[in-house]
Colleague: 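Structure below; questions to follow.
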Amino acid sequence: MSRIFIPLFYVLLFTLPATFANGQAALPSTPLAEQAVDLQERRCMVCHGCYDAPCQLKLEASAGLERGASKAKVYDGTRLVSAELTRLFDDGLTEEQWRKKGFYPVLDQKHPKKGTMYRMLDLKKANPLPPSGPIAQDFDFALNRDQQCPKPDEFDKFAKKYPLWGMPYGLPGLDSQEHNLMTRWLDEGAPAPQPAPLSPAMQDQIARWESFLNGSSNKEKLMSRYLYEHLFLAGLYLEEADKPVWFRLVRSHTKPGRNIGLISTRRPFDDPRANEFYYRLQRMPLSILDKRHMLYRFDQDRMDWYRSLFLAPDYEVAKLPGYDPDTVINPFKRFRTIPIQSRYEFLLKEAQFSIMNFIKGPVCRGQIALSVIDDHFWVMFVNPGSAHPEMDAEFLSNESENLILPTVSTGTPVDLFRWRRFAKAEQRYAAAKAEYIGQEMDREDRTLDMDDLWQGDGINANASLTVFRHFDTASVVKGMVGQTPKTAWVINYPLLERIHYLLVAGFDVYGGATHQLESRLYMDFLRMEGEYNFLMFLPAADRPKIRDHWYRGARDSVKEHYFSTSEAFQRDTDIVFKTDDPKTELLQRMRKKIHGAEAKTYDYRVDASPAMITAFEKLENNVGAHNSFMPHVSFLNVIGSSRDEVYTIIRNAGHSNISQPFGEQERRLPEEDSLTVVRGFLGAYPNVFMQINESELANFVKNVASLKKPGDRTAIIDRYVVHRNAPWFWRLSDKFHKMYQERDGMAAGIFDYNRYYSQ
């Protein structure tokens with residue numbers, strides 16, 4: 001289903017200038033258009049939003065509907081060469097350009113009722129799902145299913161073969177009022193509601209930002225390049241009267257004050273191939289999809305902070321770095337003149353955003369990519385105010401050649417022949433780091449203590465994070481959420497920077513299998529480095545056994561790559577431990593010390609009744625194979641006489657180790673599976689909705705504990721889960737989106753139902 005259709009003229013206005021509306025009045029919106037767009041967000045975008053939207057029909061913006069659909073897949077783990085880029089807003093701006101790339105229309109402007117979108121709605125109306133019982137077996141809900149994607153001249157054949165496959169696919173159809181609204185909207189040409197014109201004050205904000213980002217000095221230009229390469233995915237927002245207006249940071253052929261002449265490259269650090277270009281704020285006319293939503297505030301305080309961080313320090317940029325292959329592959333070389341402290345504080349102040357870029361970036365599905373992280377772990381950061389050896393600019397400068405990262409070169413399997421170069425360089429860096437830390441600690445006659453961990457300066461809740469993996473997607477939130485995890489990371493500047501350039505700036509979702517494998521293999525090194533940094537805060541005698549528990553069954557070469565017998569690894573910490581479980585003790589002590597680490601926002605104890613708290617605690621504490629039969633992400637609506645609240649139940653899968661990209665099932669340890677319960681919504685891809693009366697919660701917990709085999713889930717599913725064909729499915733979906741908006745405000749977005757449970 002679609003969002004909106006607008007003539008080409010307005011598409012260009014949308015996709016070009018942030019400075020449009022300089023006194024020009026926008027066309028008035030019609031109530032029909034506004035209602036239809038709101039409805040399509042809640043009924044269509046829940047499946048047609050991310051890169052894996054069926055048939056590439058992305059409906060978060062009007063340009064996606066005009067672009068139409070394609071039979072080509074973005075995600076294809078078997079392709080050997082890089083695919084053609086089809087990024088909305090980047091790789092085509094006109095209908096003609098998209099047609100040349102193989103996209104075909106889903107609307108028929110001359111005969112609306114003949115359009116694919118219109119006919120999909122009618123097909124569903126004529127053949128609704130049964131309101132109860134199992135859904136027809138011919139439905140395929142697998143992410144890698146063969147998609148039909150019928151063109152207009154193929155629709156009759158499609159409808160005859162798959163009469164139940166109208167839109168929304170595998171979900172209840174629209175009610176009569178909603179159906180009439182959408183078809184009337186299509187009959188009128190699917191007009192788009194126009195964005196409110198930008199006020200003079202907002203235009204002034206944009207002008208000030210674009211002036212700031214396009215300074216003439218080398219120092220200003222290098223700062224802006226650094227900002228762009230880290231903010232290119234951000235949902236930038238400027239506020240006026242407490243209402244956000246959304247933008248993105250782009251490169252343009254044209255100066256501020258003129259329409260944006262977009263420069264689109266495969267990666268943000270690629271050569272713009274222009275003697276002169278400018279950083280611009282491009283207004284984004286889209287609906288907010290939770291999976292891709294990474295908000296980042298732009299205001300005067302932020303600009304002043306950038307000045308103090310990047311421009312006030314006394315350093316010179318004699319020459320700007322170029323865009324040759326050896327330079328772009330290495331950010332430590334490219335930005336070596338910017339003080340390390342400035343770069344680290346920039347990444348650290350919004351650490352959730354920094355990590356979120358790799359969690360919520362362009363990867364809408366990634367079992368292989370995400371199998372590199374545990375299902376639940378906590379993240380802390382090296383204190384930027386401590387004299388940590390790796391904050392030494394000279395050390396990083398000397399090691400810059402060893403900090404190169406794998407990136408797409410030819411886009412073919414030939415790239416894999418370079419892997420040994422990257423692996424050897426990283427190994428040299430690991431050895432140099434261990435030796436240097438030992439030397440510096442000897443020189444300063446000190447060891448690590450808890451003050452070497454950033455505590456948020458008493459105000460910043462980004463100082464600790466929790467990452468949850470949901471098999472092929474993931475989430476990251478502020479604070480230390482859930483029970484004490486098996487592993488934890490401590491991240492410093494060089495690690496945080498490499499994570500960004502490996503998995504965000506340098507990752508190509510359209511790349512071939514070689515590129516994705518290289519990225520996965522290198523991320524193993526980065527994970528181990530974060531775990532190594534954490535182990536250094538534990539007693540030296542305990543480190544090997546904790547490491548061995550994390551890497552049960554892994555090759556010795558894997559365990560010793562970072563966790564070596566080097567002098568640094570054997571050096572003890574200054575932290576005094578009082579228990580025989582130092583890992584848990586340290587994490588719980590830091591949970592009390594770090595600002596915001598207790599994460600009250602997600603603590604179900606805040607608003608749950610005593611009986612509910614008892615039930616949830618039982619659910620969390622009962623680790624075992626029975627939890628392996630639970631979905632990855634469940635939204636649980638608990639209802640009582642005076643209660644109507646939502647909690648999320650997250651399954652954390654146990655593994656013997658996660659040091660290999662393939663054969664994950666062979667390393668699964670279901671007996672170590674656990675559940676985490678959080679208050680509110682956590683996860684962009686819910687697997688199930690459940691509704692339970694408060695009085696039934698204790699029985700629900702007993703039912704979960706009794707699960708012994710896959711068939712046992714039926715009792716729980718039939719009793720608590722809202723099936724795909726439940727007549728009240730959309731009513732509950734609307735309720736959840738409303739509650740999410742009320743709870744999380746501008747951080748909330750539309751959920752994606754592509755992973756919703758099928759019977």
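Values below: all heavy atoms of this structure, side chains included; hydrogens, waters and symmetry mates excluded.
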Colleague: Ignoring hydrogens and angles, tell me if any N or O in the side chain of Gln352 forms a donor-acceptor pair with the backbone of Val476 under 3.5 Å.
Modeller: yes
Colleague: Go through the steps for His376 and Ile650 under the test side chain to side chain contact (heavy atoms under 4.5 Å, CB included), then give the verdict.
Modeller: CA-CA 10 Å; His376 177 215; Ile650 300 166; over 6 Å; no
Colleague: Could you tell me whether Asp90 and Arg248 have a side-chain N and a carboxylate O separated by less than 4.0 Å?
Modeller: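 Yes, this pair counts.
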Colleague: Do you know which of Tyr720, Tyr757, Phe751, Tyr756 makes ring-ring contact (aromatic ring centres under 6.0 Å, His included) with Phe635?
Modeller: Phe751
Colleague: Taking the six-membered ring where the residue is Trp, are the ring centres of Tyr75 and Tyr51 under 6.0 Å apart?
Modeller: no
Colleague: Decide yes or no on side chain to side chain contact (heavy atoms under 4.5 Å, CB included) for Leu88 and Gln56, but give the supporting numbers first.
Modeller: CA-CA 10 Å; Leu88 193 63; Gln56 290 199 59; over 6 Å; no
Colleague: Does the separation of the ring centres of Phe507 and Phe358 fall below 6.0 angstrom?
Modeller: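 Between Phe507 and Phe358, the centre distance exceeds or equals 6.0 Å.
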Colleague: When you measure from the side chain of Ser211 to the backbone N and O of Ala207, does any donor-acceptor pair fall under 3.5 Å?
Modeller: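 Between the backbone of Ala207 and the side chain of Ser211 there is no qualifying donor-acceptor contact (under 3.5 Å).
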Colleague: For the residue pair Phe247 and Phe298, establish whether any side-chain heavy-atom pair is separated by less than 4.5 Å.
Modeller: no
Colleague: Test of understanding: with side chain to side chain donor-acceptor pair (under 3.5 Å), list the residues that count as partners of Glu645, not counting sequence neighbours.
Modeller: Arg643, Tyr647
Colleague: Quick check: does any side chain N or O of Asn687 sit under 3.5 Å from a backbone N or O of Ser634, one acting as donor and the other as acceptor?
Modeller: no
Colleague: Measure the CG-CD distance between Leu249 and Gln282 for me, rounded to the nearest 0.5 Å.
Modeller: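 These two atoms lie 10.0 Å from each other.
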Colleague: Quick check: does any side chain N or O of Tyr344 sit under 3.5 Å from a backbone N or O of Val382, one acting as donor and the other as acceptor?
Modeller: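 Flag set: sc Tyr344 to bb Val382 pair under 3.5 Å.
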Colleague: Kindly determine whether Gln483 and Ser674 satisfy side chain to side chain donor-acceptor pair (under 3.5 Å), including the steps that lead there.
Modeller: CA-CA 9 Å; Gln483 306 285 71; Ser674 65; over 6 Å; no
Colleague: Among all residues two or more places apart in sequence or in another chain, which pass the side-chain contact (heavy atoms from CB on, under 4.5 Å) test with Pro244?
Modeller: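 Checked Pro244 against side-chain contact (heavy atoms from CB on, under 4.5 Å); matches are Tyr237, Trp246, Met746.
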Colleague: Less than 4.5 Å apart, any side-chain heavy atom of Glu620 and any of Leu675?
Modeller: no
Colleague: Main chain of Ala748, side chain of His737: is a donor-acceptor contact present, judged purely on distance under 3.5 Å?
Modeller: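 Answer holds: no.
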Colleague: Just jot down the side-chain contact (heavy atoms from CB on, under 4.5 Å) partners of Gln205, sequence neighbours excluded, or say none.
Modeller: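 Only Met202, Arg208, Leu238 meet the side-chain contact (heavy atoms from CB on, under 4.5 Å) criterion with Gln205.
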Colleague: Do we get Arg724 above Phe141's six-membered ring, with its NZ or CZ under 6.0 Å from the centre and within 45° of the axis?
Modeller: yes
Colleague: Any side-chain to backbone donor/acceptor pair from Trp730 onto Pro172? Under 3.5 Å, distance only.
Modeller: yes
Colleague: Please work out whether the ring planes of Tyr753 and Phe729 are parallel, tilted or perpendicular, with thresholds of 30° and 60°.
Modeller: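 Tyr753 vs Phe729 ring planes: perpendicular.
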Colleague: Would you find a donor on one side and an acceptor on the other, under 3.5 Å apart, between the side chain of Thr648 and the backbone of Leu682?
Modeller: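 Indeed, once roles are kept as given, a pair shorter than 3.5 Å links the two residues.
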Colleague: For residues Tyr501 and Glu497, is any side-chain donor paired with an opposing acceptor at under 3.5 Å?
Modeller: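 On atom types as modelled, these side chains do not qualify, holding no pair under 3.5 Å.
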Colleague: Please check: side-chain N/O of Asn462 versus main-chain N/O of Lys349, any donor-acceptor pairing under 3.5 Å?
Modeller: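 Yes, the answer is positive, given that a donor and an acceptor are paired below the 3.5 Å cut-off.
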Colleague: So, using ring pair (Phe, Tyr, Trp, His ring centres under 6.0 Å) as the criterion, who are the partners of Tyr226 when residues are at least two apart?
Modeller: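 With sequence neighbours excluded, Tyr226 shows a ring pair (Phe, Tyr, Trp, His ring centres under 6.0 Å) to His230, Phe310, Phe335, Phe346, given in chain and number order.
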Colleague: Are Lys600 and Asp607 ion-paired here, with the side-chain N under 4.0 Å from a carboxylate O?
Modeller: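 Judged by the 4.0 Å cut-off on N to carboxylate O distance, Lys600 and Asp607 do not form a salt bridge.
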Colleague: Residues two or more places apart in sequence or in another chain: which of them pass side chain to side chain donor-acceptor pair (under 3.5 Å) with Gln741?
Modeller: none
Colleague: Quick check: does any side chain N or O of Trp454 sit under 3.5 Å from a backbone N or O of Met380, one acting as donor and the other as acceptor?
Modeller: no
Colleague: With sequence neighbours left out, what residues match Lys738 under salt bridge (charged side-chain N to carboxylate O under 4.0 Å, His left out)?
Modeller: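 Lys738 satisfies salt bridge (charged side-chain N to carboxylate O under 4.0 Å, His left out) with Glu742 only.
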Colleague: Is there a donor in the side chain of Tyr602 and an acceptor in the side chain of Thr466, or the other way round, less than 3.5 Å apart?
Modeller: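 There is no such pair (donor and acceptor under 3.5 Å, judged by atom type) between the side chains of Tyr602 and Thr466.
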Colleague: Under the side-chain contact (heavy atoms from CB on, under 4.5 Å) rule, collect the residues that match up with Asn637, sequence neighbours excluded.
Modeller: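 Counting only residues at least two positions away or on another chain, Asn637 forms a side-chain contact (heavy atoms from CB on, under 4.5 Å) with Ile639, Asp644, Val646, Gln691, Leu732, Lys735, Phe736.
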Colleague: Got a second to check how far Thr487's OG1 is from Asp374's CG, nearest 0.5 Å?
Modeller: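 Answer rounded to 0.5 Å: 4.0 Å.
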Colleague: Kindly say whether Asp734 contributes a backbone atom to a donor-acceptor pair with the side chain of Arg42 at under 3.5 angstrom?
Modeller: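 Judged by distance alone, no pair lies under 3.5 Å.
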Colleague: What's the verdict on side chain to side chain contact (heavy atoms under 4.5 Å, CB included) for Val633 and Tyr685, showing C-alpha distance, side-chain angles and the deciding distance?
Modeller: CA-CA 7 Å; Val633 178; Tyr685 292 92; over 6 Å; no
Colleague: A quick test of your reading: do over 12 heavy atoms of other residues, nucleotides or ligands sit less than 6.0 Å from CD of Gln300?
Modeller: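 Count over threshold, so yes.
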Colleague: I'd like to check the side chain to side chain donor-acceptor pair (under 3.5 Å) partners of Glu239; sequence neighbours left out, ordered by chain and number.
Modeller: none
Colleague: According to ring pair (Phe, Tyr, Trp, His ring centres under 6.0 Å), who are the partners of Phe212, at least two apart in sequence or on a separate chain?
Modeller: Trp209
Colleague: Sequence neighbours excluded, which residues qualify as side-chain contact (heavy atoms from CB on, under 4.5 Å) partners of Asp301?
Modeller: Asp299
Colleague: Going by the rule salt bridge (charged side-chain N to carboxylate O under 4.0 Å, His left out), which residues pair with Asp175 if we only count those two or more places apart in sequence or in a different chain?
Modeller: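 Listed in chain order: nothing, the list is empty.
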Colleague: Got a sec, which residues hit salt bridge (charged side-chain N to carboxylate O under 4.0 Å, His left out) with Arg731, two or more places apart in sequence or on another chain?
Modeller: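 So Arg731 forms no salt bridge (charged side-chain N to carboxylate O under 4.0 Å, His left out) with any residue.
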Colleague: Should we say atom CH2 of Trp305 is surrounded by more than 12 heavy atoms from elsewhere, each under 6.0 Å from it?
Modeller: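 More than 12 heavy atoms, drawn from other residues, nucleotides or ligands, come within 6.0 Å of this atom.
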Colleague: When you compare the side chains of Arg67 and Thr86, does any donor N or O come within less than 3.5 Å of an acceptor on the partner?
Modeller: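 Looking only at side-chain atoms, Thr86 and Arg67 do not form any donor-acceptor pair under 3.5 Å.
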